[in-house]
Peer 1: 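Just passing along the structure, written as structure tokens.
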Amino acid sequence: MQYIAEKVITWHKSSGRHDLPWQKINDPYLIWISEIMLQQTQVSSVIPYYQRFIKTFPTVEKLAFADHDVVMKHWSGLGYYRRAKFIMQTAKIIVQQYQSKFPDSVEKLLSLPGIGKSTAGAICAFAFGGIEPIMDANVKRVFCRFYGIMEWPGKAQTQKYLWSLAEQNLPSNNIQIYTQALMDLGATLCKGSQPVCSQCPLQLKCVSFKSNLCHVIPAKKPKKTLITKQVNVLIVEANNQILFQKRSDSSVWEGLWSTPEIQDFSYTKKWIKDVLGLTKFNVVKQGAHLAIFSHYKLQLNYNHILLTETFSHQQLKDFLWIDRPKIGGEGIPTPIKKLLQNI
DNA sequence: TATTCGTGGGA
DNA sequence: TTCCCAAGAAT
């Protein structure tokens, strides 16, 4: 067997992680859910979401026929909400076109929404024992260090090279243990900061260790100055309830319920009239709340509006009144929840 | 192909 | 406090 595979498989038996909720199972549905949740999301963050999710949606059929808002509520707080839309789409496809049975080839898995090359490889390997590579942040770090790759691993050209190395290093058996071992090594020893090279099974042939480059490999992502986006929102309150509007597709917080956006506060009166058919209200507070994202800052300018006119709560499409005490449990973006806590 | 998608944890 | 970034994919 190849050097890396032999070493990490042996290492994993004594020192790998063995108690993650999605291990020791081979149900492709459960493995799929875990892999989607784990995209760009740390294990410790995923665990409670995963357990709650599979309790409510234990099978692909349950998910395929689930209510959109119930699914979003389960995803609320986890981030990257497109993933929730994609799993609903894919669940329907699995039920309708695959008779509820997951395909076992990378090619077919890749055609499903939300499943890219790495997730397809992980599902193949973990659920079906397919000899397929993955390429997550852990594997990138391990291979970059082992082979002494100086370029930023997110660069397209570098990624291509990393995939070819991942292909070359595949073992012909024990693919589940090998795949898990690579990630565990990256998560527990070959960490981003302060790697524990003294315990690493790859130490003898690791280029970065031998050349003392572990502190500069992997290379950091080139920095970009964050821009600040401005958004105006209306916090409309009546009878201890807040008015929410469903976020549209292809925008931040897609599919979640949020406080309605307005182009300019000078349109407030017209907005209240058009949406609610009301003319009487008080602006009880104005302010701003800053939310920091990984790729930009969002300044939420708000007007807190109290309706002073009695009215009937007619059902408006894509609008929803939510009791203030229930806001924490709904599918609402975290920064909006925080904003409302301070109102 | 470079950008856009969140949130929370850790240094 | 501030910065980085994590079991990536879609466009």
Side-chain angles (χ1 to χ4, degrees), chain A residues 16-17 20-23 31-50 72 75-87 89-90 109-126 132-142 152-160 162-163 166 176 179-188 190-195 215 218-227 229 247-256 258 290-298 331-338:
Chain A
R17 295 179 291 188
L20 299 174
W22 42 85
Q23 291 181 307
I31 290 171
W32 167 58
I33 295 298
S34 73
E35 291 300 334
I36 300 297
M37 286 189 169
L38 286 160
Q39 287 169 0
Q40 291 287 286
T41 311
Q42 291 184 340
V43 168
S44 58
S45 300
V46 167
I47 289 175
Y49 283 88
Y50 171 79
M72 291 312 295
W75 210 274
S76 171
L78 195 56
Y80 287 135
Y81 299 98
R82 269 187 310 182
R83 296 183 294 181
K85 180 178 78 172
F86 289 144
I87 63 167
Q89 291 176 355
T90 289
L109 287 167
L110 270 177
S111 72
L112 297 169
I115 298 181
K117 199 173 175 187
S118 188
T119 300
I123 295 172
C124 252
F126 285 128
E132 301 288 350
I134 64 165
M135 189 51 62
D136 74 325
N138 293 306
V139 179
K140 282 179 188 170
R141 197 163 50 247
V142 170
W152 176 51
K155 194 176 165 186
Q157 187 185 350
T158 312
Q159 292 211 46
K160 197 172 175 183
L162 285 166
W163 273 106
Q176 290 97 336
T179 306
Q180 188 64 50
L182 272 184
M183 290 191 285
D184 289 359
L185 185 67
T188 62
C190 196
K191 299 178 293 183
S193 64
Q194 299 182 342
H215 59 293
K220 287 185 179 177
K221 180 180 182 174
K223 265 200 290 190
K224 226 182 37 167
T225 54
L226 295 188
I227 60 165
K229 298 184 182 179
R247 300 282 302 181
S248 61
D249 282 2
S250 62
S251 72
V252 70
W253 301 325
E254 170 180 339
L256 291 186
S258 184
L290 191 63
I292 313 285
F293 296 103
S294 54
H295 48 309
Y296 62 92
K297 300 178 184 179
L298 186 64
I332 297 166
T334 300
I336 298 294
K337 285 183 182 174
K338 287 180 180 169

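Proteins get letters first, then strands, A, B, ... in listed order; numbering begins at 1 in each. Everything quoted here is computed from the prediction, not taken from an experiment.
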Peer 1: Atom CD of A:Gln159 and atom P of C:dA10: how far apart are they, to the nearest Å?
Peer 2: 14 Å
Peer 1: Can you measure from OH (A:Tyr50) to CD (A:Glu35) and round to the nearest 0.5 angstrom?
Peer 2: 10.0 Å
Peer 1: Just call it for A:Leu298: base, sugar-phosphate, or nothing, with non-hydrogen atoms closer than 4.0 Å on any strand.
Peer 2: nothing
Peer 1: How is A:Gln157 classified with respect to the nucleic acid when contacts are heavy atoms under 4.0 Å: base, sugar-phosphate, or nothing?
Peer 2: nothing
Peer 1: Between A:Lys338 and A:Tyr296, which residue's closest nucleotide on DNA chain B lies nearer the 5′ terminus?
Peer 2: A:Tyr296
Peer 1: Nearest 0.5 Å, please: how far is CH2 in A:Trp163 from CD1 in A:Ile134?
Peer 2: 8.0 Å
Peer 1: Rounded to whole Å, please give me the gap between CH2 in A:Trp152 and C1' in C:dC5.
Peer 2: 11 Å
Peer 1: Using a 6.0 Å cut-off, check whether atom NZ of A:Lys191 has over 12 heavy atoms from anything other than its own residue.
Peer 2: yes
Peer 1: To the nearest 0.5 angstrom, please state how far the CG atom of A:Leu20 sits from the CG atom of A:Asp184.
Peer 2: 7.0 Å
Peer 1: Figure out the CE/P separation between A:Met135 and C:dG8, and round it to whole Å.
Peer 2: 11 Å
Peer 1: Calculate the interatomic distance between A:Met37 atom CE and C:dG8 atom C1'; express it in whole Å.
Peer 2: 15 Å
Peer 1: Between atom CZ of A:Phe86 and atom OG1 of A:Thr119, what is the distance when rounded to the nearest 0.5 Å?
Peer 2: 12.0 Å
Peer 1: Less than 4.5 Å apart, side chain to side chain, heavy atoms only: is that true for A:Phe126 and A:Gln23?
Peer 2: no
Peer 1: In whole angstroms, how far is the C1' atom of C:dC4 from the CD atom of A:Gln40?
Peer 2: 12 Å
Peer 1: With a 4.0 Å cut-off on heavy atoms, is A:Lys223 in touch with a base, just the backbone sugar-phosphate, or nothing at all?
Peer 2: sugar-phosphate
Peer 1: Going by side-chain hydrogen bond (donor to acceptor under 3.5 Å, both in side chains), name the residues that satisfy it together with A:Arg247, two or more places apart in sequence or in a different chain.
Peer 2: A:Glu261
Peer 1: Need one value for A:Lys191: base, sugar-phosphate or nothing, where a base atom within 4.0 Å counts as base even if backbone is also close, heavy atoms only.
Peer 2: nothing
Peer 1: Only one of A:Lys85, A:Arg83, A:Arg82 passes salt bridge (charged side-chain N to carboxylate O under 4.0 Å, His left out) with A:Glu254; say which it is.
Peer 2: A:Lys85
Peer 1: Distance between the P atoms of B:dT3 and C:dC4, in whole angstroms?
Peer 2: 16 Å
Peer 1: So what does A:Trp22 hit on the nucleic acid, given a heavy-atom distance under 4.0 Å: a base, only sugar-phosphate, or nothing?
Peer 2: base
Peer 1: Applying a 4.0 Å non-hydrogen cut-off, can you work out what A:Ser193 is touching in the nucleic acid: base, sugar-phosphate, or nothing?
Peer 2: sugar-phosphate
Peer 1: List in numerical order all residues of residues 78-87 of chain A for which some heavy atom is under 4.0 Å away from an atom belonging to DNA chain B.
Peer 2: A:Leu78, A:Gly79, A:Tyr80, A:Tyr81, A:Arg82
Peer 1: Kindly indicate whether the side chain of A:Tyr49, heavy atoms from C-beta on, has any atom under 4.5 Å from the side chain of A:Thr41.
Peer 2: no
Peer 1: Shoot me the first and last contacting nucleotide of DNA chain B against chain A, ordered 5' to 3', at under 4.0 angstrom to non-hydrogen atoms.
Peer 2: B:dT4 to B:dA11
Peer 1: Please state the P separation for the pair C:dA9 and B:dG8 - nearest whole angstrom.
Peer 2: 23 Å
Peer 1: Quick check on DNA chain B: between A:Lys221 and A:Thr334, whose nearest nucleotide comes earlier from the 5' end?
Peer 2: A:Lys221
Peer 1: Once you apply a heavy-atom cut-off of 4.0 Å, does A:Arg17 come out as touching a base, just sugar-phosphate, or nothing?
Peer 2: base
Peer 1: Using atom CD of A:Gln42 as one end and atom C1' of C:dA6 as the other, report the distance to the nearest whole Å.
Peer 2: 5 Å
Peer 1: Heavy atoms, side chains only, cut-off 4.5 Å: are A:Ser76 and A:Lys337 in contact?
Peer 2: yes
Peer 1: A:Ala137 near the nucleic acid: base, sugar-phosphate alone, or nothing, with a heavy-atom cut-off under 4.0 Å?
Peer 2: sugar-phosphate
Peer 1: Between A:Arg141 and C:dA6, is there a contact of a side-chain N or O with OP1 or OP2 at under 4.0 Å?
Peer 2: yes
Peer 1: A:Lys229 near the nucleic acid: base, sugar-phosphate alone, or nothing, with a heavy-atom cut-off under 4.0 Å?
Peer 2: sugar-phosphate
Peer 1: Grab the CD-C1' distance between A:Glu254 and C:dT11 for me, whole Å please.
Peer 2: 12 Å
Peer 1: What distance separates A:Thr90 OG1 from A:Leu112 CG, expressed to the nearest 0.5 Å?
Peer 2: 5.0 Å
